[in-house]
Amino acid sequence: MDDAPRLGLPLEWPEPSADCGVCQALARQRAAAAVRNDQSRVSDCNVEIRNHHAGRRRPGRQ
């Protein structure tokens, strides 16, 4: 049997870029999800905000 997984503390909420409409929309969605206690959506929004300006390439694209 494998050892139990070790989970760290949750990451801090990322700050959305003030001059980016997409980031601001995600921040509003995140706030609404937090009010509904929808932690899954809060996490999804945080990931999207974090990655929005990361400049990562999608697999299969040049």
Side-chain angles (χ1 to χ4, degrees):
M1 186 174 215
D2 292 335
D3 290 339
R6 295 172 196 210
L7 303 176
L9 295 174
L11 297 173
E12 296 289 327
W13 282 17
E15 284 294 322
S17 294
D19 60 344
C20 177
V22 173
C23 287
Q24 292 302 313
L26 287 167
R28 287 189 298 273
Q29 291 175 30
R30 176 179 66 187
V35 168
R36 293 189 313 269
N37 200 28
D38 183 353
Q39 297 304 311
S40 177
R41 183 65 186 140
V42 168
S43 177
D44 290 346
C45 289
N46 284 338
V47 168
E48 289 187 53
I49 291 169
R50 248 183 229 108
N51 292 334
H52 180 65
H53 293 284
R56 295 178 7 177
R57 291 187 164 191
R58 293 182 183 178
R61 297 213 174 179
Q62 299 268 339

ask   = Taking side chain as C-beta onward, heavy atoms only, is Arg41 less than 4.5 Å from Cys45?
value =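 Arg41 reaches Cys45 side chain to side chain.
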query = Is there a side-chain contact between Pro14 and Arg30 (heavy atoms, below 4.5 Å)?
reply =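 When only atoms from C-beta onward are counted, Arg30 and Pro14 do touch, with a gap below 4.5 Å.
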message = If I take atom CD from residue Glu48 and atom NE2 from residue His52, how far apart are they, to the nearest 0.5 angstrom?
response =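 Going from the CD atom of Glu48 to the NE2 atom of His52 covers 9.5 Å.
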message = Nearest 0.5 Å, please: how far is CD in Gln29 from CG in Asp38?
response =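 It comes to 11.0 Å.
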Over all atoms of both residues, closest heavy-atom pair of [X] and [Y]:
X     : Y     : answer
Ala18 : Gln24 : CA-NE2, 3.5 Å
Val42 : Ala34 : CG2-N, 3.6 Å
Ser17 : Cys23 : N-CB, 3.6 Å

key: Listed partners of Ser43 passing side chain to side chain contact (heavy atoms under 4.5 Å, CB included), at least two apart   =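 Side chain to side chain contact (heavy atoms under 4.5 Å, CB included) list for Ser43, sorted by chain: empty.
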request  = With sequence neighbours left out, write down each residue that passes side chain to side chain contact (heavy atoms under 4.5 Å, CB included) with Ala32, or none if nothing qualifies.
outcome  =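 Once residues adjacent in sequence are excluded, the partners of Ala32 under the side chain to side chain contact (heavy atoms under 4.5 Å, CB included) criterion are Arg36.
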key: Distance-only donor-acceptor check, side chains Gln39 and Asn37, under 3.5 Å   =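 Yes.
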message = I'd like to know if Ile49 and Val47 are part of one continuous hydrophobic network [Ile/Leu/Val/Met/Phe/Trp/Tyr, side-chain heavy atoms within less than 4.5 Å].
response =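 No, no single cluster joins them.
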message = Suppose we screen for salt bridge (charged side-chain N to carboxylate O under 4.0 Å, His left out). Which residues come up paired with Arg50, at least two apart in sequence or across chains?
response =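 None.
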